Number of protein chains: 2
Amino acid sequence: MKNLDESLLTDIPPFRKLQNAQIREILDSAIPKRFDAGVSVFEEGMDADRFYLLLDGHIRVIRTTPEGEQVIALYIASGQLFGLAPALGRKQYPATAMTADECLTLSWPTRIWPEFVAKYDGFATETYKIVGSRVDEMHSRIVEMATQHVEQRVACSLLRLINQTGKKVAKGVEIEFPITRQNISEMTGTTLHTVSRLLSAWQKAGIIVSGRRKITVIKPDELVLLTGAKA
Amino acid sequence: MKNLDESLLTDIPPFRKLQNAQIREILDSAIPKRFDAGVSVFEEGMDADRFYLLLDGHIRVIRTTPEGEQVIALYIASGQLFGLAPALGRKQYPATAMTADECLTLSWPTRIWPEFVAKYDGFATETYKIVGSRVDEMHSRIVEMATQHVEQRVACSLLRLINQTGKKVAKGVEIEFPITRQNISEMTGTTLHTVSRLLSAWQKAGIIVSGRRKITVIKPDELVLLTGAKA
DNA sequence: CGCCGTCTTGACTCGCCTCAACCTCGGTGG
DNA sequence: CCACCGAGGTTGAGGCGAGTCAAGACGGCG
């Protein structure tokens, strides 16, 4: 457990300003853990006893309605902190974190959060920037849902996914974790049927290529047009 | 300007733990300002050079789409901090703050934010709790928009409004600032026509009483039923 | 090989948006 | 004091986007 390499953290904004010795300290107090695809790291309503850093893999942040429907609030890409409830004074996690593929995390007990903030210069600031960008993304989602049609929302979500977690490949940008039509419908507030129809149409139009749990965007600019960026 | 009363701040969470002398200091560095109804305190995209406390009145936080449609992200009630962009490392305001009625604010330059955080015990923690509750509310909005029908969303929004800013009156709870059908439609992602129809129906059913720019909820529990709280 | 999770496609239905006309206040100015 | 005007609100008719229902195809895994 003490053999984690310092280089794991040096490129991650909240830790970037720290000395090697400090990073050593932080790593030594971290618990690393591996998760299979499709399992939950923590669940909505659970006591927020730890906060996490995603070293590798992708995570879906999910809220479940009383009726059992799921809504995907956002995706976390590797290198990001998550489970930041303690930073916002929350005693419980407000949502479930579910792995989209195999994931590797570090985590620390909530109790030492104040210590991190006090002791490590720039940690708080950088972390709150992350929160800020998530707030911003949520804002955008609300506006999208309020004003745009399903087709535009799905296009927006795809673009967001390839921007945040896309991998450039031969003929386009591919989403590097398994994602189903159902997942996309849960991000956009629609049904898997409608998503399937849209993706089929876009595939015919040569904008994307998609297979089982896999989507590659060939012409991102065409997608941008579909989002309704007019005039 | 130096004659602001300390009692203004003593009941407001971020300042609650402070000594009178500290509150004096804070007040002395604040600029008070009055706003008419329907004007903007700051606008989306403006440099976030100040952060605010709403002493009296109500504020709408608005985002405008490229097409000029407006979406109301949330309402701020008196006693709340807003314009917290600096707390999240934002250089510009992510949304416009528009007064719903006559408003009284205090404000401080962004530049002294770090000083506030460092100097005043509990200030940061309490402020981030506010951010946390706003994030939570946005989360809920996203889930609502994704899963619920218009009628349910409007019911949810009304309930949220009376919980946050409702005033108990003779025969129910009234929203204490002017609000139009259009405003509600901008909160729920629908049209003023649909909102008008719904409110008419609810009025006939005796659930609410509404007039020009004014809504009073008579039977909140009936509204709760309409939100789809089943089983 | 058979099963299950994923994806596709068609047909039908209906909630809500759009279009349109009209009403009702409250404020303003002659 | 009243006529006017504009913002806010109401209500009907019609159409379409997208959800629902239904039936199957495809591909991977045990």
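Labels below follow one simple rule: chain letters A, B, ... track the order of the sequence lines, proteins then strands, and each chain is numbered from 1. In this text the structure is predicted, and so the values were computed from the model without any measurement.
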Discussion item. Base, sugar-phosphate or nothing for A:H193? Non-hydrogen atoms, less than 4.0 Å.
Written reply: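 Base, at least one base heavy atom under 4.0 Å.
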Discussion item. Need two values: the first and the last nucleotide of DNA chain C, 5' to 3', having an atom under 4.0 Å from any heavy-atom of chain B.
Written reply: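 Here the contact window of chain B covers C:dC16 to C:dC25.
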Worksheet item: Passes side chain to side chain donor-acceptor pair (under 3.5 Å), B:Q148 versus A:E67? Steps please.
Response: CA-CA 11 Å; B:Q148 303 196 300; A:E67 291 79 34; 5.5 Å; no
Worksheet item: So do A:S185 and A:T194 actually touch side chain to side chain, heavy atoms under 4.5 Å?
Response: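 No, too far: nothing below the 4.5 Å cut-off.
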Discussion item. Parallel, tilted or perpendicular: which one describes the rings of B:F15 and B:W108, with boundaries at 30° and 60°?
Written reply: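 Geometry flag for B:W108 against B:F15: tilted rings.
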Worksheet item: Between B:Y128 and A:Y128, what is the ring plane arrangement, given parallel below 30°, perpendicular above 60°, and tilted in between?
Response: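 Rings of B:Y128 and A:Y128: parallel, under 30°.
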Fill in: For B:T147, the option from A:E69, A:E186, A:Q70 that meets side-chain contact (heavy atoms from CB on, under 4.5 Å)
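When side-chain contact (heavy atoms from CB on, under 4.5 Å) is applied between B:T147 and each of A:E69, A:E186, A:Q70, only A:E69 qualifies.
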Worksheet item: For the helix from C:dC1-D:dG30 to C:dG30-D:dC1, how many degrees between its two end axes (five pairs per end), to the nearest 10°?
Response: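 Both end axes considered, the difference amounts to 30°.
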Worksheet item: Is B:R141 salt-bridged to B:E144, cutoff N-O under 4.0 Å?
Response: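 No.
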Worksheet item: Should B:D47 and B:R90 count as an ion pair when the cut-off is N to O under 4.0 Å?
Response: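 No.
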Check: residues 34-44 of chain A side-chain donor-acceptor pairs under 3.5 Å, at least two apart:
unit_1	atom_1	unit_2	atom_2	d
A:R34	NH1	A:D36	OD1	3.4
A:R34	NH1	A:E102	OE2	2.9
A:R34	NH2	A:D36	OD1	2.6
A:S40	OG	A:E43	OE2	2.8
A:E44	OE1	A:T64	N	3.3

Discussion item. If you assign A:H149 and A:L199 each to the DNA chain C nucleotide with the nearest heavy atom, which residue ends up on the more 5' nucleotide?
Written reply: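 Here A:L199 is the residue nearer the 5' end.
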Measure all distances between protein nitrogen or oxygen atoms and nitrogen or oxygen atoms of nucleotides 5-9 of chain D, and list the pairs falling under 3.5 Å.
unit_1	atom_1	unit_2	atom_2	d
D:dA7	N3	B:R212	NH2	3.2
D:dG8	OP1	B:R213	NH2	3.4
D:dG9	OP1	B:R213	N	2.9
D:dG9	OP2	B:R181	N	3.0

Looking only at heavy atoms, what is the nearest atom pair of [X] and [Y], with distance?
{"X": "B:I162", "Y": "B:P220", "answer": "CD1-CB, 4.4 Å"}
{"X": "A:T110", "Y": "A:A48", "answer": "OG1-O, 2.5 Å"}
{"X": "A:L84", "Y": "A:R134", "answer": "CD1-NH1, 4.1 Å"}

Worksheet item: Does the D:dG19 base have a donor-acceptor partner in the side chain of A:R197 within less than 3.5 Å?
Response: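 Answer no: no donor N or O sits under 3.5 Å from an acceptor.
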Practice prompt. Could you tell me the separation between the NE2 atom of A:H193 and the CG atom of A:L198, rounded to the nearest 0.5 Å?
Written response: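 Between A:H193 NE2 and A:L198 CG, I get 13.0 Å after rounding to 0.5 Å.
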Practice prompt. Check the distance between D:dC16's P and A:E151's CD and give it to me in whole angstrom.
Written response: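 These atoms are roughly 17 Å apart.
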Discussion item. Output the rounded distance in Å from CZ (A:R153) to P (D:dG17).
Written reply: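 Spelled out: CZ on A:R153 to P on D:dG17 is 14 Å.
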Worksheet item: ring pair (Phe, Tyr, Trp, His ring centres under 6.0 Å) with B:Y75: which residues, sequence neighbours excluded?
Response: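 Per chain and number, B:Y75 pairs via ring pair (Phe, Tyr, Trp, His ring centres under 6.0 Å) with B:F177.
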Worksheet item: Does anything in residues 183-191 of chain B reach DNA chain C, meaning a heavy atom under 4.0 Å, and if so which residues?
Response: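 When residues 183-191 of chain B is checked for heavy atoms under 4.0 Å from DNA chain C, the hits, listed by number, are B:G189, B:T190, B:T191.
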